[in-house]
Every structure is written in structure tokens, then in C-alpha cells.
There are 2 protein chains.
Amino acid sequence: MNPKRVRIKDIADKAGVSTGTVDRVLHERGYVSEDARQRVLDALEEMGYERNLLASALAYNKAIRIVALMPDKSTDPYWEQPFAGVEQGAQFVQPYGIEVETRFFNLFERADFRRQANAILENPPAGLLFPPLFLQEGQWLLEQCREKGIAAVTFNTQIDDAACLAYIGQDSYQSGVLAARLLNFGLSGKASVLLLNLEKEIANARHLLEKERGFRDYFAQHQGSDIQVLRLDVEQFEDKEALRRQLETQLHKHPDLTGVFVSNSRAYRLADCLPSPTLRKLRIVGFDLVAANLQHLQAENIDFLINQNSVEQGYNSVLTLYRHLFLKEKNLPALQYLPLDIVVVENVAYYL
Amino acid sequence: MNPKRVRIKDIADKAGVSTGTVDRVLHERGYVSEDARQRVLDALEEMGYERNLLASALAYNKAIRIVALMPDKSTDPYWEQPFAGVEQGAQFVQPYGIEVETRFFNLFERADFRRQANAILENPPAGLLFPPLFLQEGQWLLEQCREKGIAAVTFNTQIDDAACLAYIGQDSYQSGVLAARLLNFGLSGKASVLLLNLEKEIANARHLLEKERGFRDYFAQHQGSDIQVLRLDVEQFEDKEALRRQLETQLHKHPDLTGVFVSNSRAYRLADCLPSPTLRKLRIVGFDLVAANLQHLQAENIDFLINQNSVEQGYNSVLTLYRHLFLKEKNLPALQYLPLDIVVVENVAYYL
DNA sequence: TAAATTTATGTGTGCGCACACAGAGAAATT
DNA sequence: AATTTCTCTGTGTGCGCACACATAAATTTA
């Protein structure tokens, strides 16, 4: 049948040493003569030794601790999703002696992020995952992780930093391209489309700027249709009435407006403040399968939602740390772009 | 910190018995007095015992064998995908002492399916996964599995049979609906669309019939657009010239033909036999990210591919058996519909 | 040269569990 | 009453590994 798996004992016999010596070689604990070391390495190679994960984890008999630092989901429904993914991941890795602990910070306060981060660093876990929403603070935290030997994974917001083991998230630029394609689809002749940013500190939201770049590039490269891109930034998006007024101004100024691209998960705010007939005349593209967006999709107020797989972002982040810390896999992909799913009424059910 | 996990020894102490007795209760091996049994059950409940998977699998010291019975991928490139998924799954579960072995059968020969199935039954594995492409043979195999206590998972083709642990695949009906939506999108006025079946025994391909039903239902329910659905069946789809002739006949007979829906993964056969300008004028929707389809998508000969997540079908099938046989999870979902991804040039990269 | 230190190696124990086995006692059979 | 069978229970061993510890040999220091 299947060739019995090679054990440490087999290696020891082959190399003419004891299991203890093989163990020291495997874990690079030192105190092995160069001669013995070489014989062990040869035997490992020759017999194709693979560590028995079960026995290894059992004997190790210590929990691996992972901390997830995430925005409080009460401040923005979007964050329920990565959090759900983290919880699924936690459940999955729990049998293998891995504990996942979540800490929350206020989405809109850098100081709180720093405070929570410091609390984590006081009792350093083996792994940490977080969305580096605040560039400076994120880089600082990654640096701290490097110093303390904490394996760090970032998700949701991409910052290029070698100190992190992997980034897991969407390709913001390309999601802008895709949104443009969806608005452009079936259109011909002259028209306008609106890029709507509903965000507090837009200048700092680099992923929104990336989406905009992709969005504009698409139209620039597809000369076939003559589309004008308008942009509207609304920082006080919670104020329904104010938002409505600004939108109506735009609709009035640009009668040829055929579509709106809401650059984040807040398309429902747009849909909430305009009447259905107006919405139906516009093609609307938004992001993410949060409950409020789904209702508007079902009601056909929103035409497309681009799913950034935010649940999977949380899940994959935990699993990446598991693969690094527990499976000890080498050469994990440092960049994991998740699919940009096009969601319409007809296929939404399968993404829930 | 975290409350130390409860061990069998703890339960034994609490119930005033030995670990052996607890073990007998846990595994329902019998030879336990009703009195002791009850005390153990109470202790388990009260202390919230959870089996330590690592130790359990280690001590069990037997491999769990899973067999995948799949169409030979050389007969149809589609099947490379579920196979790739099965291999990924195999790699994942391998550390936990689970062996996955794959056997292939000829996609077009029921007798070969039966032959391979019989070979498997001679040395029954703990788990079996297969696509029940042949209804009768599939049901027979499921019945055999039930008799022999083999956990069976079906994928790709749905047959309702309680003998199987789970079905993993797409919702064929809804994929027809979605295809219709994609063809209908942006269309107005009178037009024709073609439903193209490229399959050997169409009458037996129930999933194709389901797709057709969904496809037609969509148009029936969306009276807004006045669309006529044509249907063309081609069994000798390998004959490029013959296929081309039949398609040109259709194009000639129906000048208002605006779109084609190829009901399986063979849209590339259509795209192969018509010139690009003709293809560009048509909107074409097909299934699955097989290499040949991808090329035509990139070349904009095909507009949409509906991804049935065939890789994930293989992967999830293996993982479902892992959850059943190894994790011993109860109440696994008996029906796992995977998403129907809408794939266009702009987001194809993320599905590969 | 003896003692202290460092390097090198083997042995032993326990992680939590599954399962074989040995008994003790009760019940059934001779 | 003696034997056999059956029910019930506890103990012991091993799964493969990590790590502590003991010990021997080599090296340095006094």
C-alpha cells in the first residue's frame, strides 16, 4: 500500500545517531557536530522526511496565539464581513491549538488604533492581522511586529511594506476599471457618469484614489463611447437630506447622466435618499454585499454590486497565518488578490 | 488565560470511572453499565468536553482513504478543473492522515464508469466522491455506498438521493436564468437569441435541460423585451465544418439574432468556427474558465463566461468528506451551491 | 594537572487519545 | 457445584514528536 511515512526514528537509525540529535538538527538547536549534522541532513533528504503535523502539534503542547485588530463593526456595517471571516477562520484553526483573539478600534480615530495596537504589543502574539487604514500608524505597527518577531498579515488596504508576511485583499485599481466597464456596458453615444465618494477623509483614502484612477483609465482607453466622468465627494454622508440635495443638483446640471459609481460600500446611502423611479433611470454600481445594499439590489434600485470578498479577506488572513505559524509553509504568496465578483439579482444568493 | 481544555482524564475523574470507560462511552463500544454511562455523559456535558483532534488522529494511527471517481481529463478539458480542486484538497488533508486516490472513467461510456466503480467497491474506501453523470449508474453506486457504509459526496451533477452525504455544485436552473439576463442586458426591442447545446446525449444531460428551463423562464417573465429563443443541438460538435454550416444557417434564417448561449463549457467550439467580426456582432455567453474559452474571452470573441467554480467543486467535495470523516461534524449542509461568477475581461485574472 | 566550562549525544517523559488486554464479578450453562 | 460465557471495569502501550535531563567527551581555564 502506501509507503509508511518516515519518522524521526527512521532518520536517526539511517544516520546512525539518536532521535535527539535528529531533533536538534530539525529545530536548529545547535550542539550537533558538523559530521553528524551532515549525515542527518543527508538521511532527511534521501528518505524524504516530512514532519507529522499532528504529533508535532500535540507534543508542542502550547497554543499559538493570533490577534486580529479590526474596526469596530458597530461603526460601519462593512466590517461585519471581514470579522465574520476571521471568526470562521478561528473556528477552523482552533482544533490545531491556535487561538484567535479579536480587538476592535474606532474606524475614525487613529489614536484609538494606536492605543489598541500598543495593548497588543504588551503581550505579543505569534501572529497579527489588521487592515492598515491609517498609513503611518500601519507602517509603525508593522515595524513593531518585525522587531518583536510577530508574523503580520495586512488585509483590505494595501500598503507595500516588506515587514508584512502577506497582503490579502482586492485590487483597487482594477475594481475601478471593472466598475467603469459595468457602467459603460450597452451604452453608446455621449453621456456622463458620476463617481461618488462617500468618505470622511478622502485625501487619505488611498484605495479610493486607486479606484478612481482605474475608473478614469477605462473610459480614456475606450474611445468608442464618449463618456464624461464627473466626481462628487461627500464627507457628511450621514446627512441624508444634504446628500439628496447635492445629488439632485448634479442630476439637474447633467441631464445626460446615465450612471453612478459609488466607490465604497455605501451605495445604499445614495439609494436611500433618491426615489425609485429616479434610481431606475440610472445605472448604479456599488461595492460589497452589506445588508442595506442587498435590499436595494433586490429592489432593483442598485444594478450591480462588486463583491470584494470581504468575508474571505478575514478568513484567508487567518489561514495565511495558520499556514505560516503552524504548517510552517515557506514561500507563501505575499500578495493575494481576491476575485472581484460581479453581483446582480440573478446570482446574489450564492454569495451570501 | 484560556481555560485548559478538558481531557478524557478529567471526565473520568469527575465521573468516578477510568479513562477506558469514558472512551467506551465516547465511541459507543458498549460494555458500560447504565449507571456509569449516565455519569460519564453528565460529566461530558457539564465540563464541555471536546475531543482533541490532533491526539485522536495520532492515536488512531490509520489512514482514512478517500477515492475520487472522475472523468478522464484527457477526454474533456473541463474536467481538469474539478481534478485540480481534488488535488488541492488532497494536499490539504494529507497531514491529517487522509489519503485521496483518484480513478478515472471515460466520460462517454457508462460501462467504464461501472467498471471503475466496481473496482473501487472491491476495496471500499471510507469516502467516495464522484459526479453522477449517468443517472442510473450514479444511483446504483450511491446505493452500494450506503450498503457498504461508504460516505459518498456527489458534485457537478445534481441527483436527489438521500444516500449521498452532500451535493456540491452549481444550480443549473439559475445559471440558465443568469445567462438570459446577461444576453438580455442592454437589449431592447425585438430580437432572437440562440440556445446552443454541444453535447453527445442531450436527452440524458439533465443539467442542460435545467439550464434551458431557467433560460426560457427568464425571458418569459421579462415581457419588457420581446425575445425569441431559438435552440440548436449539435451532437457532432467536434466536426468544426459541420458546426460552422449549421450556425451560418441559423444566422441566415434569423437576421435579428443578437446573442448565443452555449449551455456548457464548449463555447470555444463556437468561437473557433466563426470569424471574429461575426462573433463581435453577437453577444456570446458560455460556461467555465477552460483555457480555450479564456483565449476567446481575452480576444473579445466571447463576452461573458459564467464560472461554475469547478475547481472549488472538487476542493469542497474533498473537504466535506474530511469534515465528515475526520472532524466528525454533524449536520453538514447536504446542498452546497457554489457561486455563479460573472466573468469578463476586466475581472478574469482573479479567477485563475 | 585538576577543575570548570563547553560541546556533543543519548535517554526518558509526556502531550491526549485509541485500543488491546487482563481481570473481577455476575449470569448462564453444564 | 463447577464450568463456561458474558458484562463491566481498569491498566498499559504506543502513535510521532518536543523538550528536559543526564552523561560523556572535548575544550578551556585556573
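Bear in mind that the values here come from a model prediction, so they are computed numbers and not experimental data. Computed from heavy atoms alone, side chains included, the values below leave out hydrogens, waters and symmetry copies. Just so we're on the same page: letters track the sequence lines, and every chain starts at 1.
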Query - Separation of atom CD1 in B/Ile8 from atom C1' in C/dG16, rounded to whole Å - result: 7 Å

Query raised in the report: What does B/Asp23 touch in the nucleic acid at a heavy-atom separation under 4.0 angstrom: a base, only the sugar-phosphate, or nothing?
Result: base

Query raised in the report: CG of A/Asp35 versus C1' of C/dA8: gap in Å, rounded?
Result: 12 Å

Query - Separation of B/Arg5 CZ from B/Tyr49 OH (nearest 0.5 Å) - result: 8.0 Å

Requested in this report: Measure from CZ on A/Arg5 to P on D/dG16 and round the result to the nearest Å.
Outcome: 10 Å

**Report entry** Side-chain N or O of B/Ser56 closer than 4.0 Å to phosphate OP1/OP2 of C/dC17
**Finding:** no

Requested in this report: Return no unless some side-chain N or O of A/Thr21 is found under 4.0 Å from OP1 or OP2 of C/dA8.
Outcome: no

Query raised in the report: Do any side-chain nitrogens or oxygens of B/Arg29 fall under 4.0 Å of OP1 or OP2 in C/dC19?
Result: yes

Query raised in the report: With a 4.0 Å cut-off on heavy atoms, is B/Leu58 in touch with a base, just the backbone sugar-phosphate, or nothing at all?
Result: base

Query raised in the report: Aromatic rings B/Tyr337 and B/Tyr167: how do their planes relate, parallel, tilted or perpendicular, breaks at 30° and 60°?
Result: perpendicular

Query raised in the report: Closer than 4.0 Å, any side-chain N/O of A/Ser33 to the OP1 or OP2 of C/dT9?
Result: yes

Query raised in the report: Taking the side chain from A/Arg51 and the backbone from A/Leu26, do they hold a donor-acceptor pair closer than 3.5 Å?
Result: no

Query raised in the report: Just checking A/Asn61: base, sugar-phosphate only, or nothing, at a heavy-atom cut-off of under 4.0 Å?
Result: sugar-phosphate

**Report entry** Heavy-atom check, side chain of B/Phe326 versus side chain of B/Val93, under 4.5 Å
**Finding:** no

Query - Length of the line joining B/Arg37:CZ and D/dT7:C1', which is rounded to integer Å - result: 15 Å

Query raised in the report: Within the structure shown, what part of the strands sits under 4.0 Å from B/Ala57 by heavy-atom distance: base, sugar-phosphate, or nothing?
Result: nothing

Query raised in the report: Just how far, in rounded Å, is C1' of D/dC17 from NZ of A/Lys328?
Result: 12 Å

Query raised in the report: Would you say D/dT7 has OP1 or OP2 under 4.0 Å from some side-chain N or O of B/Tyr31?
Result: yes

Report summary line: A/Asp13 CG to C/dT11 P, in whole Å, measures 11 Å

Query raised in the report: Phosphate oxygens OP1/OP2 of D/dC17: is one of them under 4.0 Å from a side-chain N or O of A/Tyr49?
Result: yes

Query raised in the report: Under 30°, 30 to 60°, or over 60°: which ring-plane class applies to B/Phe113 and B/Phe134, parallel, tilted or perpendicular?
Result: perpendicular

Query raised in the report: Which of the following nucleotides, C/dC17, C/dT11, D/dT11, is nearest to the side chain of A/Thr19?
Result: C/dT11

Query raised in the report: Rounded to whole angstroms, how far apart are CG on A/Leu54 and P on C/dC17?
Result: 14 Å

Report summary line: Atom CZ of A/Arg7 and atom C1' of D/dG14 are separated, to the nearest Å, by 11 Å

Query raised in the report: Between B/Glu50 and B/Arg24, which is nearer to the 5' end of DNA chain C once each is assigned its nearest nucleotide?
Result: B/Glu50

**Report entry** Cationic N near anionic O, under 4.0 Å, A/Arg39 to A/Asp42
**Finding:** no

Query raised in the report: Mapping B/Ala59 and B/Val32 to their closest nucleotides on DNA chain D, which lands nearer the 5' end?
Result: B/Val32

